[in-house]
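Note that this is a predicted model, so its numbers are computed, not measured. In this chain, residues are counted from 1 in sequence order.
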Amino acid sequence: MGLIPQQFIDDLVARTDIVELINARVPLKKAGKNYQACCPFHNEKSPSFTVSPQKQFYHCFGCSANGTALGFLMEYDRLEFVDAVEELARMHGLDVPREGGPSRPQSTRLKSLHELMESVSSFYQQQLRTHTPAVDYLKQRGIDGSTAKAFGMGYAPNGWDTLIKALASSNEVQQQLITTGMLIEKDGQQSGSRNAYDRFRDRIMFPIRDTRGRVIAFGGRVMGDEKPKYLNSPETPLYHKGKELYGLYEARQALRDIPRLLVVEGYMDVIALAQFGIPYAVATLGTALTEDHITPLFRATSEVVFCFDGDEAGRRAAAKAMDVCLGAMKDGRQVKFLFLPDGEDPDTLVRKQGQADFEKSAAEAMPLSSFLIQTLCDGVQLNSIDGRARLVELARPWLAKIPVGVFRNLLAEELANRAQVKPVELLRNNPALAEAPQRPSKPLSSAGRLTLTQRALAILLHDPSVAAGTAMPENIALSEDGGLQVLAELHTRAALKKPNSAQLLESMRANGPYFRRLNQLLSQTQNLHASAAEYAETLQRLDREQQTSALKASAANVTARSPSQMSDEEKNTLREKLAAQAALQGLHEKQ
């Protein structure tokens, strides 16, 4: 699918009143020019969460959460960027256009596919209500009617063309059903005969939903001993199994604040746990855990518990999951492993233990740190020098995957104690890990701590109108410095488009590292008040700074040669450059 045009994002942000958007989710109170509330992203008793209608920007002085209307939707509603854009567009009754790829007709086609999948889901649900054996099977499995309805469970009749007869009103619709994986196209079909048949037949059906609740695929389970027991939709334009999690949408619907997410193996595990009052289980869809699964998991909660069999195969699977998770182990996040008794799965175990005991087991599951230490120490003779040296070598590559922070430091310290070495020995040959953790940056209450580039960027972000009528010096516009290039780009956009602060910031979202720095800069300079004249003066000082640097570099190249090697013309050029450098230095000293 093509990119969303930046102009559309600009217009969408301009149409949105951030106060109205946030107030619908977090009640705000007027406080001078701004609005306030207790922060929705951390617990506090007095309000430190501020929303600026002028800048269309929110900021929490307690936890430093900040951003635009799109950023708030992403954090509060736990949406990916594209989903947040689509949700904001839906609020305004707009369709999201695309560029550089599938065009608007393609977007319309995908919308049509989503609508078709909803019709398929409704058909299966209706079939379940009228098929007694399927209802009896669910009752036998302990699934009640309200739970089946909440998860949209259905039944695919035992026929080769029941779905075709019900929904394929034309060749176009039949082709759409093939595209979505609901039908299988025949090879070498004869002219005039049906060229497809139903993929799912005589199975209990589980609709798979995306983060917005749209049906994108199905899983089907037989009611007897036939093989395969489970059958899933293939990869389609709507469905990529390595990215989706069954039950995540339902968990977010059931709970505003998700205490933890349980990652289990199958559909029935997710549904059984929900019926027993544990509505925060999800399942991967016939594939091992991937990095693409980690982002939505930690977007929804800070604690993830993986359920595995307690046998050797289960522990190997847990080790693979641990490997995937290490790169996401930022401070404050927790990963645990719940190893199940032999012959049990979450479905059977929760029915034996009940809700309270199962949740207690999940809360007390083995932390990732303990499992990693146990895995590394297994079979290593720690009572010998050779064994302890072996532990150090085994630990290094695992620690190299963990982000710098308190968690990594404490884990290295614990492993170092067992190996009887200093933690630095485990971090050796891992330059990124040897760096000291960065302190959270303190709010910049005045412009005195800013560099000239930061000051110019901060003034421009707080008041984009300062760019109008202010010329961008050529030395800045043509600079190879990354920060100055961003300044020149934002200045041009502000002068031509006349955006507000939120629009100007959102225009840099595609440039991840700079977007985060600009977001932080805007948040940390809340008390900065500057005029267009001060912005122009800052640009002039930056221009002189660039000229000075260029003259120094040029003079250095000339003076690298001895006077005896210079021509009279080169000596005159050097004197002129040194004089210009001294004049610029004098201007700096007067300011």
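For R129, the side-chain contact (heavy atoms from CB on, under 4.5 Å) test picks out Q125, Q126, with sequence neighbours left out. Residues passing the salt bridge (Lys or Arg N to Asp or Glu O under 4.0 Å) test with K360, sequence neighbours excluded: E364. With sequence neighbours excluded, the residues that form a side-chain contact (heavy atoms from CB on, under 4.5 Å) with S479 are D481, L484, Q546. Shown here are the side-chain contact (heavy atoms from CB on, under 4.5 Å) partners of A467, two or more places apart in sequence or in another chain: L460, H491, A494, A495. Shown here are the ring-ring contact (aromatic ring centres under 6.0 Å, His included) partners of F81, two or more places apart in sequence or in another chain: there are none. Under the salt bridge (Lys or Arg N to Asp or Glu O under 4.0 Å) criterion, R516 pairs with no residue, sequence neighbours left out. With sequence neighbours excluded, the residues satisfying salt bridge (Lys or Arg N to Asp or Glu O under 4.0 Å) with E534 are R455. Qualifying ring-ring contact (aromatic ring centres under 6.0 Å, His included) partners for F515, counting only residues two or more places apart in sequence or in other chains: none. Listed by chain and residue number, R509 satisfy the salt bridge (Lys or Arg N to Asp or Glu O under 4.0 Å) test with E506 (two or more places apart in sequence, or in another chain).
Listed here is the closest heavy atom pair of L289 and V324: O-CG2, 3.8 Å. For the pair G483 and L457, the tightest heavy-atom approach, listed with the atom from each and the gap, is O-CD1, 4.4 Å. The nearest pair of heavy atoms linking V350 to A272 is CG1-O, 4.4 Å. The two residues A84 and L73 have their closest heavy-atom pair at O-CD1, 3.7 Å. A362 and V305 get closest at one heavy-atom pair: O-CG2, 3.9 Å. The nearest pair of heavy atoms linking A458 to L521 is N-CD2, 3.8 Å.
Remark: T287 OG1 to H240 NE2 distance equals 13.5 Å, nearest 0.5 Å. Once rounded to the nearest 0.5 Å, the distance linking CG of L70 with OG1 of T16 reads 7.0 Å. Rounding to the nearest 0.5 Å places CE of M329 at 7.5 Å from CD1 of I402. In this structure, CG on L504 lies 9.5 Å from CD on E489, to the nearest 0.5 angstrom. Atom CG of L177 sits about 9.0 Å away from atom CE of M117, to the nearest 0.5 Å. Here E244 contributes atom CD and I216 contributes atom CD1; the two are 3.5 Å apart, rounded to the nearest 0.5 Å.
Counting heavy atoms from C-beta on, the side chains of K30 and P53 never come closer than 4.5 Å. Residues M268 and F206 are in side-chain contact: their nearest non-hydrogen atoms beyond the backbone lie under 4.5 Å apart. Contact of the P237 side chain with the T179 side chain is registered, since non-hydrogen atoms from C-beta on lie closer than 4.5 Å. Put simply, the side chain of D77 does not reach to within 4.5 Å of the side chain of T211, judged on heavy atoms. Counting heavy atoms from C-beta on, the side chains of C63 and C39 come closer than 4.5 Å. For the pair R299 and M74, the minimum side-chain heavy-atom distance is below 4.5 Å. Under the 4.5 Å side-chain criterion, counting only non-hydrogen atoms from C-beta, D210 is not in contact with D83. No side-chain heavy atom of S52 sits under 4.5 Å from any side-chain heavy atom of I18.
Relative to the six-membered ring of Y514, R517 meets both conditions, a distance below 6.0 Å and an angle of at most 45° to the axis.
The backbone N or O of N519 sits nowhere less than 3.5 Å from a side-chain atom of S523 that would complete a donor-acceptor pair. Put simply, the side chain of S119 gets close to the backbone of E115: a donor and an acceptor are under 3.5 Å apart. Between the side chain of R333 and the backbone N or O of A328, at least one donor-acceptor pair lies under 3.5 Å. Checked by atom type and distance alone, the side chain of H42 never pairs as donor or acceptor with a backbone atom of C60 at under 3.5 Å.
Within a 6.0 Å sphere centred on CD of E118, other residues, nucleotides and ligands contribute more than 12 heavy atoms. Taking a 6.0 Å sphere around CD of E235, one finds it holds more than 12 heavy atoms contributed by other residues, nucleotides or ligands.
Residue pairs meeting the side-chain hydrogen bond (donor to acceptor under 3.5 Å, both in side chains) criterion with at least one partner in residues 464-474, sequence neighbours excluded, are D463-S465. Counting only residues at least two apart or on different chains, the ring-ring contact (aromatic ring centres under 6.0 Å, His included) pairs with a member in residues 285-306 are F306-F337. Applying the side-chain hydrogen bond (donor to acceptor under 3.5 Å, both in side chains) rule to pairs touching residues 260-286 yields T147-Q275, N232-Y267, R260-E303, Y280-E359, sequence neighbours excluded.
Remark: of the listed residues R15, K497, R493, R493 is the sole one forming a salt bridge (Lys or Arg N to Asp or Glu O under 4.0 Å) with D10. Tested against F49 for a ring pair (Phe, Tyr, Trp, His ring centres under 6.0 Å), the candidates Y58, Y35, F57, Y76 yield a single pass: Y58.
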Could you go through L138 and L128, starting from their C-alpha distance and side-chain angles, then the distance that decides it, and tell me whether this counts as side chain to side chain contact (heavy atoms under 4.5 Å, CB included)? CA-CA 10 Å; L138 291 180; L128 176 61; 4.0 Å; yes
Check step by step if side chain to side chain contact (heavy atoms under 4.5 Å, CB included) holds for L163 and M182. CA-CA 8 Å; L163 190 62; M182 303 312 300; 3.8 Å; yes
Check the pair D144 / S146 against side chain to side chain donor-acceptor pair (under 3.5 Å), numbers first and verdict last. CA-CA 6 Å; D144 61 33; S146 61; 3.0 Å; yes
Evaluate L285 against S233 for side chain to side chain contact (heavy atoms under 4.5 Å, CB included), listing each step before the verdict. CA-CA 10 Å; L285 295 158; S233 290; over 6 Å; no
CA sep, side-chain torsions, deciding dist, call: N500, K55, side chain to side chain contact (heavy atoms under 4.5 Å, CB included): CA-CA 6 Å; N500 59 32; K55 298 169 185 173; over 6 Å; no
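The aromatic rings of H59 and F61 sit perpendicular to each other, their planes meeting at more than 60°, with 30° as the lower class boundary.
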